[in-house]
Structure formats: C-alpha cells, structure tokens
Amino acid sequence: MMSEGGAPSKYVKLTKEQAPVDEVNPGELNQPIQVPHLAVHKCNECGQALPENFEAPADEPWTTGIFGCTEDMSSFWQGLFCPSVLFGRVYETLSDEETSWTKACICHSIVVEGGLTVASIAACAPGIDPHTTFLMWEGLLFVWWMCGIYTGNVRQTLQRKYHLQNSPCDPCMVHCCLHFCAVCQEHREMKNR
C-alpha cells in the first residue's frame, strides 16, 4: 500500500474479512495500570494522601533503657567524666559528612561543661552582684536549652536510622532533662548495633 507521497505506508489497513488474532473481551483493554511515579501513599486510618518522604512511625525499642548507665561501665565512666567524647563519637558515626568526632566534642565541651563551670564559679564566688549571677544563670539555661536542641537533633538522627521509639519522651526534652543519661544511652545503642 502506498501513501499519498509515493512512499510505502507503515500502517496496515484492516478489513472486515480479516479474523482477529486474539479474542479480546469487551472492557479488557480498559484495565487500570500501576505507574510507580504516580503512586500516592495513603494513610491506612483515614485514606489521606501522605508526602513522598513519609516514614512509618518508629516501633523498635532501645536496646537499653535511659537509666541503664551501669549496664556498660566503660561508657558510664566516660559519660560521667567526659560526656563530650561520647557525644562526639555518636555524632561522627551518624554524620554523613567527613566530620571528626573532635569537632563535636569540643563544641559540646565549651557549651555544656564550660557553661556549668562558669555558672558554678559565679554562684560560689563571693562578691559578685546577685543581679549579675542571675543573668549568668539565665544565660546558662538558655545555652543548656540550645544544647538540648542540638544534641536532641543528633538523637533524632539515631532514632531515624534505627527506627527507634521516642523514649521516654521527645529527644530534645530527654537531652534537656537527662542529658548525661541520654548521651550514655546513645553510645550504648551504637555499640549494640
């Protein structure tokens, strides 16, 4: 068969006399297909569409409890006298960058241990104006809260990596209230994995 321009046509004209090759039932060709990049994740409870980066809630328990500091005596003593080193090692393990544990350790030392030392000296030193002492304590609480947020984010990264539950509560609150226990628990978790 030739097309209008004289070149042979790529299409074949079907006639009524031709028998179909396969039997096709009505509606068979109108079946839905799965297109992976158009698939939308939906909530099992309410059917609402979920974002692409949605991860199911964590359900794994921690291998040790928040108060299980004495289960690993080496991390207990290190966490008691040098929690910055434990924090730095956890940070280095979790970090995607080529970050040395010493940078996180130094930052943690300046903020936490340095802040506690300055506040303790200011509280105990005679002759410092009470208003100045109050401002120093207020500054320390602010820095402690900021440190809790920073270290809580590292704890959250650990939780996401191993699908761990929030235990006993939000990661930032754990670090604000039970900082030294949390650092030891995170280090034990990394050792147990």
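- In this structure, CD on Q159 lies 5.5 Å from CZ on R155, to the nearest 0.5 angstrom.
- The side-chain heavy atoms of C147 and I149, taken from C-beta on, include no pair separated by under 4.5 Å.
- With hydrogens and angles left out, the side-chain atoms of R188 and T64 include a donor and acceptor closer than 3.5 Å.
- Residues M73 and T70 form a side-chain contact, since some pair of their non-hydrogen atoms from C-beta on lies under 4.5 Å apart.
- In this structure the side chain of L94 reaches within 4.5 angstrom of the side chain of M190, judged on heavy atoms.
- Within the 4.5 Å cutoff, the side chain of L86 has heavy atoms near those of the C184 side chain.
- The backbone N or O of D72 lies less than 3.5 Å from a partner atom in the side chain of S75, making a donor-acceptor pair.
- In this structure, the side chain of E189 engages the main chain of T63 through a donor-acceptor pair within 3.5 Å.
- Remark: E186 CD to L164 CG distance equals 10.0 Å, nearest 0.5 Å.
- In terms of modelled atom types and a separation under 3.5 Å, the side chain of R89 and the main chain of S84 share no donor-acceptor contact.
- Checked against the 6.0 Å centroid criterion, the rings of F87 and Y150 qualify as a close aromatic pair.
- Counting heavy atoms from C-beta outward, T151 and Y91 have side chains that stay 4.5 Å or more apart.
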